[in-house]
Amino acid sequence: MRLLRTAPLLLCSTLLLACQGDEPGGIEASVARAQLDVNPAQADALANLDVTVELMSRGQPEEVELGEVMITAQPVSDDSQRVMFPAELMQTQGDDAVVRMDAHEEQTVRVLNRGTTNGELAGLCGRPVELSVMFETADGEDATATYNISVRCS
């Protein structure tokens, strides 16, 4: 009889231990603000892409680098025009291209265009696009933040 009373307790303890693993690592990313300005009259000059991204590390410290930055003409389909941006990660803390984060830490970073010209984007003037910004951790995990914007032209 005593065994029957302890069986539920033993089962609960076993389940609790099974659910208590290490908290997952990795990061979450979300775009807080994005702007893309194109001046077709200055075709060889860099387009102005300025993106503010909020990063949050999960259950462990992370080292985060910028991956791909891309815009896709909407509506998004397999045939949509896509443009990859050579971009640079600017931190609000420090000058390094790597964002070092403690577990559960939040940081805000900026992403700026460093290679795509106005001429490459002139065909997207006034059109809505989906912006994708991918980040990678030193452990090989990634997070992508997307944001819908319109290409502003002057």
Side-chain angles (χ1 to χ4, degrees), residues 15-154:
L15 289 174
L16 182 61
L17 287 173
C19 293
Q20 286 181 343
D22 287 338
E23 199 171 351
I27 57 170
E28 294 177 19
S30 62
V31 174
R33 184 188 68 77
Q35 180 176 326
L36 177 56
D37 296 314
V38 175
N39 183 348
Q42 297 180 351
D44 293 333
L46 291 180
N48 179 27
L49 175 69
D50 188 352
V51 184
T52 302
V53 180
E54 295 172 350
L55 298 174
M56 182 176 153
S57 62
R58 292 188 190 133
Q60 66 186 31
E62 295 289 353
E63 291 187 357
V64 181
E65 293 183 346
L66 181 62
E68 295 179 344
V69 178
M70 178 175 63
I71 60 169
T72 305
Q74 293 186 2
V76 176
S77 71
D78 290 341
D79 298 328
S80 296
Q81 179 181 356
R82 289 174 170 73
V83 178
M84 299 292 290
F85 280 80
E88 181 179 7
L89 180 64
M90 306 294 290
Q91 292 181 235
T92 56
Q93 302 172 357
D95 296 328
D96 198 350
V98 176
V99 180
R100 289 172 181 79
M101 303 175 73
D102 292 328
H104 303 290
E105 182 179 1
E106 293 182 32
Q107 284 196 33
T108 301
V109 297
R110 287 178 65 203
V111 176
L112 303 175
N113 175 28
R114 291 297 184 235
T116 304
T117 65
N118 290 314
E120 293 172 84
L121 300 174
L124 293 171
C125 277
R127 294 188 54 196
V129 296
E130 179 184 84
L131 169 71
S132 300
V133 183
M134 187 181 82
F135 295 89
E136 300 170 341
T137 69
D139 297 334
E141 296 187 36
D142 60 56
T144 301
T146 59
Y147 196 76
N148 294 326
I149 58 174
S150 289
V151 179
R152 298 188 329 182
C153 294
S154 53

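Keep in mind it's a predicted model, so treat the numbers as computed, not measured.
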Worked verdict on Asp139 versus Gln60 for side-chain contact (heavy atoms from CB on, under 4.5 Å): CA-CA 11 Å; Asp139 297 334; Gln60 66 186 31; 3.0 Å; yes

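Between the side chain of Ser57 and the backbone N or O of His104 there is at least one donor-acceptor pair closer than 3.5 Å. A donor-acceptor pair is defined here as one N or O able to donate and one able to accept, closer than 3.5 Å; such a pair exists between the side chain of Thr137 and the backbone of Glu141. No donor-acceptor pair under 3.5 Å is formed between the side chain of Asp37 and the backbone N or O of Asn48. With hydrogens and angles ignored, the 3.5 Å screen pairs a side-chain donor or acceptor of Gln107 with a backbone N or O of Arg100. With hydrogens and angles disregarded, no donor-acceptor distance shorter than 3.5 Å links the side chain of Arg152 to the backbone of Ser150. With hydrogens and angles ignored, the 3.5 Å screen pairs a side-chain donor or acceptor of Glu62 with a backbone N or O of Gly26.
Glu54 CD to Glu28 CD: the interatomic distance, rounded to the nearest 0.5 Å, is 11.5 Å. The distance from the OG1 atom of Thr146 to the CD atom of Glu130 is 5.0 Å, given to the nearest 0.5 Å.
Listed here is the closest heavy atom pair of Ser154 and Pro40: O-CD, 3.6 Å. Nearest heavy atoms, Asp44 versus Thr117: O-CG2, 3.7 Å. Across every non-hydrogen atom of Ala29 and Ala145, the tightest pair is O-CB, 3.6 Å.
Dense packing is recorded around CD of Gln35, with more than 12 heavy atoms of other residues, nucleotides or ligands lying under 6.0 Å away.
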